[in-house]
2 protein chains.
Amino acid sequence: MTTTVPDPEDLTARARIRDAALRHFGEHGFERATIRGIAETAGVSLGLVRHHFGSKQALREACDEHLMKTMHGLHEAAATRSMGGGLNPVTAMGPYRRYLARALAEGWAAPFFDEMVRIGEQWLTETDKSRPDPPDVDARSRAAVFAAMALSPSVLAQHIERSLGTGLDTPEGQDKLLRVLLDVYSHPVLSLEEAAEARAALDRGRRS
Amino acid sequence: MTTTVPDPEDLTARARIRDAALRHFGEHGFERATIRGIAETAGVSLGLVRHHFGSKQALREACDEHLMKTMHGLHEAAATRSMGGGLNPVTAMGPYRRYLARALAEGWAAPFFDEMVRIGEQWLTETDKSRPDPPDVDARSRAAVFAAMALSPSVLAQHIERSLGTGLDTPEGQDKLLRVLLDVYSHPVLSLEEAAEARAALDRGRRS
DNA sequence: CATGGCGCTATACGCAGGTATAGTCTGCTT
DNA sequence: AAGCAGACTATACCTGCGTATAGCGCCATG
């Protein structure tokens with residue numbers, strides 16, 4: 001199961017432009033990326049980009065849409081699979097990682113995030129059944145924070161790479177990150193007592 | 001202990017420009033923010049900005065520096081305090097939140113992130129002593145991921161707010177987020193067995 | 001008093017880059 | 001054959017914005 005794209009050479013020009021835009025937006029961000037640069041990468045004239053997409057904004061929306069479409073299948077698969085893959089989108093979303101990270105950080109890709117929240121919420125309401133203590137916050141809110149945390153290695157990849165000492169795209173990086181996540185996800189930061197205490201403090205503050 | 005700035009009216013012009021820049025960079029991002037807009041917000045001519053800071057890039061660096069300086073005290077305090085505050089910078093960094101989030105997402109503010117990692121690493125090596133199972137990844141890597149996760153509610157604030165149904169700046173939002181974090185931080189996603197199993201699978205894969 | 005630094009403004013320059021237009025070539029329909 | 005549509009290019013336009021320059025008023029200091 002290789003994720004390689006089917007030879008960018010013989011793709012339709014429109015698709016090549018979209019892919020180039022995905023790359024440029026991901027690498028430079030929406031503002032810094034230029035239509036001219038995208039056109040050049042796609043091996044295409046400036047005007048053709050406009051011809052196919054109309055405007056820079058529309059081009060971005062096309063990227064978002066395409067990403068959502070290709071992600072959907074992968075996403076559901078990841079949800080049903082073990083949580084190791086589900087809560088670690090870094091390894092999964094491959095070439096779209098940078099674009100997604102930029103989009104999320106800049107406030108776009110809302111449908112994608114909300115979809116992750118939805119799936120997480122399902123999973124939480126499921127596991128909540130076999131949980132001894134009742135949660136005092138709704139599953140949706142918890143799912144949102146989980147989603148944000150799961151995506152943070154992608155969004156803050158540059159910083160994590162600095163500390164890990166290896167690129168997140170490399171096999172070693174992937175392996176290391178996964179091991180870190182396994183450790184982190186299996187060890188609570190706070191004991192139930194500490195959490196309950198802090199919660200009680202919050203309640204006291206709220207009452208006053 | 002109010003975090004209010006001491007009356008923006010009678011601050012030196014240089015400081016007012018810096019604060020305006022902090023706001024504009026935070027709200028619009030570095031590229032979209034314009035020196036002219038910053039100057040206007042600061043109630044100052046365009047040229048004065050250049051006079052004091054020389055260039056847009058230098059202005060940003062001045063912002064970073066100032067943020068680092070004001071954060072430092074607060075940061076150490078949060079580190080010594082209970083982990084509830086330490087691992088939840090959202091509540092702490094108040095007016096700088098948006099700027100910091102942008103800066104981090106765009107790959108800047110590296111010293112800040114690294115400082116968080118440093119503190120987290122200290123804390124981890126401390127708590128590791130009273131941990132039954134030996135971690136198979138170094139404390140620094142885990143600290144980096146923790147830092148990213150702790151910052152994710154700030155960086156992805158817009159998306160979380162959509163799910164929470166309330167702004168993260170409001171008292172209700174702060175309260176809700178804190179309760180979610182308490183719950184999340186006190187409940188592991190994976191059992192130790194599941195994690196060990198996944199780790200074993202990784203080991204098998206690495207051997208081949 | 002002069003003179004020089006400094007905080008500050010007004011205005012101009014230059015260009016990068018999004019947008020718009022006009023035109024060419026190819027292929028398909030009638 | 002005629003003509004139209006759509007993919008594609010070349011080039012022009014124009015605004016926004018970072019940068020640069022020239023100058024003014026004010027206080028200190030010799």
Side-chain angles (χ1 to χ4, degrees), chain A residues 5-66 98-99 102-103 106-109, chain B residues 5-66 98-99 102-103 106-109:
Chain A
V5 213
D7 221 9
E9 204 48 42
D10 53 12
L11 281 172
T12 167
R14 189 184 151 91
R16 262 182 319 161
I17 294 172
R18 187 184 12 76
D19 287 354
L22 246 355
R23 268 191 47 200
H24 277 241
F25 287 153
E27 289 181 11
H28 313 298
F30 180 69
E31 315 286 344
R32 290 187 71 167
T34 73
I35 298 190
R36 284 173 171 82
I38 292 170
E40 191 179 2
T41 299
V44 139
S45 86
L46 167 67
L48 191 61
V49 178
R50 175 172 170 77
H51 173 68
H52 277 302
F53 296 94
S55 77
K56 197 183 183 183
Q57 178 62 28
L59 177 54
R60 182 222 268 279
E61 281 158 19
C63 287
D64 275 348
E65 195 176 349
H66 176 254
R98 289 162 184 271
Y99 177 84
R102 292 270 188 192
E106 291 172 10
W108 298 87
Chain B
V5 213
D7 223 8
E9 204 49 41
D10 53 12
L11 280 172
T12 168
R14 189 185 149 90
R16 262 182 316 161
I17 294 172
R18 191 188 4 81
D19 287 353
L22 246 355
R23 268 190 46 200
H24 277 240
F25 287 153
E27 290 182 9
H28 312 298
F30 180 69
E31 315 286 343
R32 289 188 72 167
T34 73
I35 297 189
R36 282 172 172 82
I38 293 170
E40 191 179 4
T41 298
V44 140
S45 85
L46 166 66
L48 191 61
V49 179
R50 174 171 171 77
H51 173 69
H52 278 302
F53 297 94
S55 76
K56 196 182 184 184
Q57 177 63 28
L59 176 54
R60 181 220 269 279
E61 280 158 20
C63 286
D64 276 348
E65 195 176 349
H66 175 255
R98 288 162 185 272
Y99 177 83
R102 292 271 188 190
E106 290 172 11
W108 297 86

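Proteins come first, then strands; the chains are lettered A, B, ... in the order of their sequence lines, and each starts at number 1. Note: hydrogens, waters and symmetry copies are ignored here, and every other heavy atom, side chains too, is used.
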| query | How does protein contact run along nucleotides 3-17 of chain D, one letter per nucleotide 5' to 3', with B for base contact, S for sugar-phosphate only, - for none, heavy atoms under 4.0 Å? | reply | ----BBB-BB----B

| request: Compare every heavy atom of G26(B) with every heavy atom of R102(B), then report the nearest pair and how far apart it is. | output: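 Closest heavy-atom pair between R102(B) and G26(B): NE-O, 3.1 Å.
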
| query | Heavy-atom count around E65(A) CD within 6.0 Å, excluding the residue itself: above 12? | reply |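 Atom CD in E65(A) is not packed in, count stays at 12 or less.
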
For nucleotides 23-27 of chain D, print each protein N/O atom paired with a nucleotide N/O atom at under 3.5 Å, atom names and distance only.
none

| Donor-acceptor contact present, side-chain T12(A) to main-chain A15(A), <3.5 Å |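 No, the answer is negative, given that no donor and acceptor are paired below the 3.5 Å cut-off.
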
| message | Going by salt bridge (charged side-chain N to carboxylate O under 4.0 Å, His left out), name the residues that satisfy it together with R98(A), two or more places apart in sequence or in a different chain. | response | D169(A)

| task | Could you name each residue pair satisfying salt bridge (Lys or Arg N to Asp or Glu O under 4.0 Å) that touches residues 53-64 of chain B, not counting sequence neighbours? | result | R60(B)-E106(B)

With a 3.5 Å cut-off and sequence neighbours excluded, list the donor-acceptor pairs that the side chains of residues 33-54 of chain A form with protein atoms.
| from | atom 1 | to | atom 2 | distance (Å) |
| --- | --- | --- | --- | --- |
| T34(A) | OG1 | G37(A) | N | 2.8 |
| T41(A) | OG1 | H24(A) | NE2 | 2.5 |
| T41(A) | OG1 | G37(A) | O | 3.1 |
| S45(A) | OG | G47(A) | N | 3.4 |
| S45(A) | OG | L48(A) | N | 3.3 |
| R50(A) | NH1 | G54(A) | O | 2.8 |

| message | Rounded at 0.5 Å granularity, tell me how far CZ in F25(A) sits from CZ in R32(A). | response |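 Between atom CZ of F25(A) and atom CZ of R32(A) there are 14.0 Å.
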
| field | Start and end of chain B contact along DNA chain C [non-hydrogen atoms, under 4.0 Å] | value |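 Nucleotide range with atoms under 4.0 Å of chain B: dG7(C) to dA12(C).
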
